[in-house]
Amino acid sequence: MTDYQSLGIRPVINAYATVTKFGGSLMPREVLSAMNAAAGGFVDLAQLQQRVGDRLAQLTRNEAAYITSGAAAGIELAAAAAVLNKHPEALKSFPNIAAFKNEAIIFRDQRNPYDYSIQAVGLTYVEINGSPAELRAAISQRTVCVFWFPRGQAGANGIELADVINIANARDIPVIVDSAAQLPPVENLWRFTEMGAALALFSGGKDLRGPQSSGIMLGRRDLIDSIRSISNPNHGLGRPFKVGKEELMGLLAAVERYLQLDHAARAQYCEDTVGLFCEALNPLPGVCAEREFPNEAGQPLPWCRVTIDPAALDKSADDIVQAFLQHEPAIAVSPLDETQFHLNPMTLNPGEEIIVRAACMQLLAK
Ligand SMILES: *Cc1c(COP(=O)(O)O)cnc(C)c1O
């Protein structure tokens with residue numbers, strides 16, 4: 001049988017987050033059966049991409065939707081759409097677009113490794129700190145878009161997304177929101193675009209629990225149609241980001257499921273699990289466990305911060321993080337620094353909290 005074990009790979013219990021490095025999330029039954037059904041028949045792939053997009057747009061109250069091979073691919077395609085918005089003739093020029101408008105505005109404190117995808121299109125960053133006046137001054141004849149990476153609840157230095165949208169839209173500059181991990185809350189599927197953002201990007205393989213190599217782009221039809229012109233079955237910048245029929249149908253099933261999900265019950269499971277961890281860990285000498293809300297990604301779910309006294313335990317938090325991975329079964333927790341790590345309930349399968357608690361009792365004992 002072809003499985004992880006046959007490759008010498010140990011499966012991991014995920015008490016970290018919907019991190020790509022451990023596989024994002026697990027696809028539920030509805031998603032797997034949609035993918036399985038899709039695998040059983042040939043189809044006109046471009047037509048399927050269009051119809052799944054239309055359905056997703058309707059379900060998420062957006063004008064249009066496009067299924068990408070992940071949020072990072074979505075950033076790249078959205079950046080290309082912003083260039084095509086000003087220069088429809090740029091179709092076959094990427095990434096050599098110096099002859100065109102080629103500037104993307106981004107906020108300094110939102111810089112992150114994924115913004116490389118903007119540069120890959122050929123765009124140049126104009127980096128600003130973020131006051132409204134600074135944004136107004138940064139918009140030039142060469143600007144094609146403004147990128148916004150929501151980070152938790154906070155706005156960038158002194159500016160909120162609503163201000164960014166007002167200022168950019170008044171100059172006909174699309175605002176693109178990388179909200180890859182901004183689910184929950186489910187309302188974010190329409191919130192950013194209803195605020196006036198041109199496009200919002202989400203990972204399909206994080207909390208949506210669709211295929212790991214999928215993503216959704218939601219928003220303006222004209223921008224999304226321009227992406228079709230450079231993507232399968234057409235050739236251009238988007239062609240390497242082809243999405244298969246199984247991913248298309250799996251992602252659709254994932255969004256349908258997510259919209260029906262009992263989000264309150266799920267949040268309650270996270271509360272109960274954090275409570276369970278705190279109750280079990282706090283009596284241990286040299287260990288302090290506390291509920292934190294929201295979690296690091298700003299999702300409205302609690303997680304558990306564990307602080308240890310390395311002198312008392314004779315090991316650092318990093319040693320403990322490594323020991324969790326060596327544990328049988330292997331457990332991934334979220335590292336923070338030499339004295340702290342987090343236990344995140346959002347990616348646990350119900351029942352696994354008991355295994356994680358038992359591992360904690362063993363690894364955090366003096
Ligand atoms: C995860 C993430 C991405 C990449 O998403 P993929 O779906 O893995 O391509 C991009 N931006 C941010 C902020 C993310 O958290």
Side-chain angles (χ1 to χ4, degrees), residues 14 16-27 31 52 56 60 65-82 104 106-121 123 125 127 145-156 161 164 175-185 188-189 191-192 197 199-219 227 231 237-238 240-244 246-248 250-252 254-255 258 294-301 303 332 334-335 342 344 346-347:
N14 184 351
Y16 189 152
T18 54
V19 285
T20 299
K21 135 181 177 147
F22 289 109
S25 57
L26 300 180
M27 292 186 284
V31 174
V52 171
L56 284 173
T60 62
Y66 189 80
I67 299 79
T68 65
S69 53
I75 297 170
E76 198 156 328
L77 293 173
I106 57 178
F107 295 91
R108 191 161 287 132
D109 75 346
Q110 298 182 353
R111 293 298 309 265
N112 67 73
Y114 297 105
D115 63 31
Y116 172 80
S117 298
I118 305 169
Q119 183 176 297
V121 169
L123 285 167
Y125 305 123
E127 213 177 284
C145 61
V146 180
F147 267 89
W148 182 266
F149 296 84
R151 290 184 55 174
Q153 312 293 30
L161 177 58
V164 173
V175 175
I176 299 165
V177 179
D178 171 11
S179 35
Q182 257 50 61
L183 295 172
N188 279 353
L189 289 170
R191 190 170 75 89
F192 300 118
L199 294 171
L201 311 169
F202 297 89
S203 289
K206 292 182 179 167
D207 205 50
L208 281 174
R209 298 179 62 182
Q212 189 177 16
S213 55
S214 72
I216 324 182
M217 176 184 303
L218 297 169
I227 288 169
S231 301
L237 182 94
F241 302 130
K242 172 193 72 184
V243 179
E246 298 82 6
E247 280 75 19
L248 289 168
L251 182 63
L252 176 57
V255 173
Y258 204 68
N295 65 20
E296 185 200 32
Q299 298 148 340
L301 295 173
W303 67 341
S334 176
H342 283 91
N344 193 341
M346 78 177 287
T347 36

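Side-chain atoms are counted along with the backbone in the values below, which use heavy atoms only and exclude waters and symmetry mates. Whatever order the structure lists them in is the order used to number ligands and atoms, beginning at 1.
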Chemist: What atoms of ligand 1 come closer than 4.0 angstrom to any heavy atom of Ala180?
Modeler: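 In order of numbering, the contacting atoms are 2 (C), 3 (C), 10 (C), 11 (N), 12 (C), 14 (C), 15 (O).
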Chemist: Does any N or O in the side chain of Gln182 come within less than 3.5 Å of the main-chain N or O of Gly298, such that one atom is a donor and the other an acceptor?
Modeler: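 Answer holds: no.
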Chemist: Nearest protein heavy atom to atom 8 (O) of ligand 1, by residue and atom, and its distance?
Modeler: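 Checked against all protein heavy atoms, atom 8 (O) of ligand 1 sits closest to Thr20 OG1, 3.6 Å.
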Chemist: I want to know if ligand 1 touches Ala71 in the polar sense, i.e. an N/O pair below 3.5 angstrom.
Modeler: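 So ligand 1 has an N or O lying under 3.5 Å from an N or O of Ala71.
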Chemist: Within ligand 1, which atoms have a heavy atom of Gly70 less than 4.0 Å away?
Modeler: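 Those qualifying, in numeric order: 7 (O), 9 (O).
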Chemist: Of the protein's non-hydrogen atoms, which lies at the shortest distance from atom 4 (C) of ligand 1, and what is that distance?
Modeler: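 Result for atom 4 (C) of ligand 1: Tyr114 CE2, 3.4 Å.
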Chemist: Going by heavy atoms, is Asn112 under 4.0 Å from ligand 1?
Modeler: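 Checking ligand 1 against Asn112, which is what was asked, there is no heavy-atom contact under 4.0 Å.
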Chemist: Is any side-chain heavy atom of Pro335 closer than 4.5 Å to one of Tyr16?
Modeler: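 Heavy-atom side-chain distance check passes, below 4.5 Å.
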Chemist: Hey, does Thr68 have a side-chain heavy atom less than 4.5 Å from the side chain of Leu201?
Modeler: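 They are not in side-chain contact.
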Chemist: If you define the side chain from C-beta out and look only at heavy atoms, does anything of Phe22 sit under 4.5 Å from Thr347?
Modeler: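 SC-SC contact between Phe22 and Thr347 ruled out.
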Chemist: Any side-chain heavy-atom pair from Val175 and Leu161 closer than 4.5 angstrom?
Modeler: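 Val175 vs Leu161: side chains touch.
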Chemist: In terms of residue, atom name and distance, what is the protein heavy atom nearest to atom 9 (O) of ligand 1?
Modeler: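 Residue, atom and distance for the closest contact: Ala72 N, 2.9 Å.
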Chemist: How close does the nearest protein non-hydrogen atom get to atom 14 (C) of ligand 1, and which residue and atom is it?
Modeler: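 Result: Lys206 NZ, 3.0 Å.
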Chemist: Tell me which part of Ser203 gets within contact of ligand 1: side chain, backbone, both or neither, using heavy atoms under 4.0 Å.
Modeler: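 Under 4.0 Å from ligand 1, Ser203 contributes backbone and side-chain atoms.
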Chemist: What residue and atom, counting heavy atoms only, is the protein's closest point to atom 11 (N) of ligand 1, and at what distance?
Modeler: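 Of the protein heavy atoms, Asp178 OD2, 2.7 Å lies nearest.
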Chemist: Quick one: which of Leu248, Leu251, Val31 gives a side chain to side chain contact (heavy atoms under 4.5 Å, CB included) with Ser214?
Modeler: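 The passing option is Leu251.
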Chemist: As a test of understanding, state which of Asn188, Ile216, Leu189 forms a side chain to side chain contact (heavy atoms under 4.5 Å, CB included) with Thr60.
Modeler: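 Filter result, single survivor: Leu189.
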